[in-house]
Amino acid sequence: MTLAYVLDGGMNDQPGAGAELYELFPSVQHTYQRIAEWTGIDVQRIFEEERQPGQEHRQGIGAIRQAAAVLGIADVLAEEYGITPAAVCGLSFGALVGATLAGAVERQDLFTLLMRLREVPPPAADNGPQAVAMLRIPYETATGDLLAGVPDVYLSADLGKVGTGQERMVLLGGYRSALQEFGSGFPAGALHVSDDHGAAFHSPLQQHISDFLEPTLEAMTFHDPRVPVHSCMERKALTTAEEIRDLFRRNPTAPVSVPHMIGGLEDGGTELGLVLGPAAFGTFQSAAFPVVHVESPDHVFEAMTAVYDFGIELPSTEAGVTR
C-alpha cells in the first residue's frame, strides 16, 4: 500500500500556523531557522505577521508561513518517524511546495521565488479591478460550455464534488464587472463574487505574474523529482525536471483541478493520503482513498497510527522528502 502527501492551495495562512510543532520538535526549529536565513524574515515574524487589508496571499508573509509549516511537518514525519511519501501533489501554490518536497526544486530556490512574488507589480488597471467568484454547477456540466462566449471570465479552479455529489464547486476568475454581469444570469446568490480577493487567480489575467517571474525561473535549477509529482493542471504524473519547470511557469495562468490531482493519485495506486499543513481539509475527502489531516502535534501521531494501521509500505528516506 502506498502513501501520498497532498497539499492545499494558498490563503490557508493564518498567523500561528506551525507554531506548536516548532515548540516541540528540533527538526522543525532547524527548518524555520534555515527559512529565516534564506528570506531575511525572522521566525517570530513568520508566525505572527497578519495579512493587511486588501493584500493578496503572495504579497504578505502568508505564503512563506504556509510553505514553512508544510516543510516542517514533512521533516518531523521523515526524521522522527521515518515516514516519507511515494508520491506528492498540490493544488495551486501547494503544487510548488509539493515539487520542492519531491526534490525537484531546492528549498532555498523556492523561498527565493516566494520572496520575488512579493515584488510583483499590480496588473494594468485599464479594464478595471479583477476578482474571483464561487459557483456550484451540476457535476456533469462542462465548464467549456458554461463559459463559451463569455468575455473576460475564466475557469480558475475545479474543486470537485460538493454536498451530495450531484454538484461541484468551481472558482471563476475575471474582471469584477464581467463576473457580476455573468452572475446576473443565475438565481440570486448562486454566484458569489468575493470581496476579499482582487486577483483573477489561475487565469490569463495573471500573465503579468508569469512575465515578472520568468527571469527567476530561468535562473533556477530543476531536477527530476525523486517521487512522482501529480499535476493539478491535468491528470498526469510529472517525473522530469522540464515537466516541473513547466508546472512552475504555468501555475499563475492555468486553471487547477482537485479531480485531476486526486484522480492522478488514484491512478498511481495511492491508498492513504496525508494532507500536510493548513488546509481546507474537506476539499480532499471525496478521494477514493482515506485522507488524514496533519497540522498539529496530535495530528502527527494520528498520521503515524494511520500509516501503520493501513500497512503502508514506506519508500526509503532517500527516495522521499528532501531538505
Side-chain angles (χ1 to χ4, degrees), residues 5 7-19 21-22 25-52 55-79 88-121 209-210 212-223 225-226 229 232 241 244-252 276-279 295 320-323:
Y5 283 174
L7 310 182
D8 203 356
M11 299 177 292
N12 298 293
D13 60 0
Q14 293 302 307
L21 288 161
Y22 180 85
F25 293 103
S27 59
V28 180
Q29 295 164 15
H30 174 77
T31 298
Y32 276 80
Q33 290 297 334
R34 296 299 306 278
I35 293 168
E37 292 169 8
W38 295 329
T39 62
I41 301 171
D42 67 72
V43 173
Q44 285 308 115
R45 185 180 168 201
I46 291 173
F47 284 130
E48 296 174 1
E49 184 165 301
E50 298 188 29
R51 192 188 308 171
Q52 300 302 308
Q55 190 178 57
E56 296 296 335
H57 174 74
R58 62 179 167 79
Q59 296 171 317
I61 302 296
I64 291 167
R65 177 163 52 233
Q66 187 173 338
V70 169
L71 296 176
I73 292 164
D75 290 343
V76 167
L77 293 174
E79 297 180 24
V88 299
C89 69
L91 183 68
S92 181
F93 168 75
L96 311 184
V97 184
T100 306
L101 283 179
V105 174
E106 300 295 334
R107 292 189 177 192
Q108 184 171 357
D109 284 349
L110 172 68
F111 286 95
T112 297
L113 181 69
L114 296 185
M115 292 296 289
R116 189 67 173 146
L117 263 175
R118 289 160 51 84
E119 302 170 1
V120 173
I209 296 179
S210 293
F212 184 82
L213 293 181
E214 181 56 29
T216 303
L217 294 177
E218 186 63 32
M220 287 172 59
T221 299
F222 290 84
H223 310 281
R226 297 193 179 191
V229 176
C232 61
I244 300 298
R245 185 188 297 272
D246 181 65
L247 171 73
F248 273 64
R249 280 180 165 149
R250 294 169 59 202
N251 195 276
L276 300 196
E295 184 178 3
V321 169
T322 60
R323 280 191 174 276

Any residue meeting side chain to side chain contact (heavy atoms under 4.5 Å, CB included) with [X], in chain and number order, not counting sequence neighbours:
| X | result |
| --- | --- |
| Gln14 | none |
| Ala17 | Arg65, Pro278 |
| Ala279 | Asp8, Val275, His293 |

How far does [atom1] of [X] sit from [atom2] of [Y], to the nearest 0.5 angstrom?
| X | Y | atom1 | atom2 | answer |
| --- | --- | --- | --- | --- |
| His223 | Glu106 | NE2 | CD | 4.0 Å |
| Asp42 | Glu37 | CG | CD | 12.5 Å |
| Arg107 | Leu101 | CZ | CG | 6.5 Å |
| Leu213 | Arg249 | CG | CZ | 11.0 Å |

With the side chain counted from C-beta on, respond yes when [X] and [Y] share a heavy-atom pair under 4.5 Å apart, and no when they do not.
| X | Y | result |
| --- | --- | --- |
| Ile41 | Met115 | yes |
| Asp109 | Thr216 | no |
| Asp75 | His30 | no |
| Ile46 | Tyr22 | no |

For [X] versus [Y], what's the shortest heavy-atom pair and its separation?
| X | Y | result |
| --- | --- | --- |
| Ala67 | Phe93 | CB-CZ, 4.0 Å |
| Gly72 | Val28 | O-CG2, 3.6 Å |
| Val43 | Ala36 | CG2-CB, 4.1 Å |

Q: Identify, with sequence neighbours excluded, every residue that meets side chain to side chain donor-acceptor pair (under 3.5 Å) alongside Asp246.
A: Arg250
**Q.** Partner residues of Gln29 under the side chain to side chain donor-acceptor pair (under 3.5 Å) criterion, sequence neighbours left out
**A.** none
**Q.** Result of checking Val88, Val105, Ile244 against Thr100 for side-chain contact (heavy atoms from CB on, under 4.5 Å)
**A.** Val105
**Q.** Contacts of Phe222 that satisfy ring-ring contact (aromatic ring centres under 6.0 Å, His included) - sequence neighbours left out
**A.** Phe248
Q: Please name all residues satisfying salt bridge (Lys or Arg N to Asp or Glu O under 4.0 Å) with Glu48, sequence neighbours left out, ordered by chain then number.
A: none
**Q.** Listed partners of Arg116 passing salt bridge (Lys or Arg N to Asp or Glu O under 4.0 Å), at least two apart
**A.** Glu119
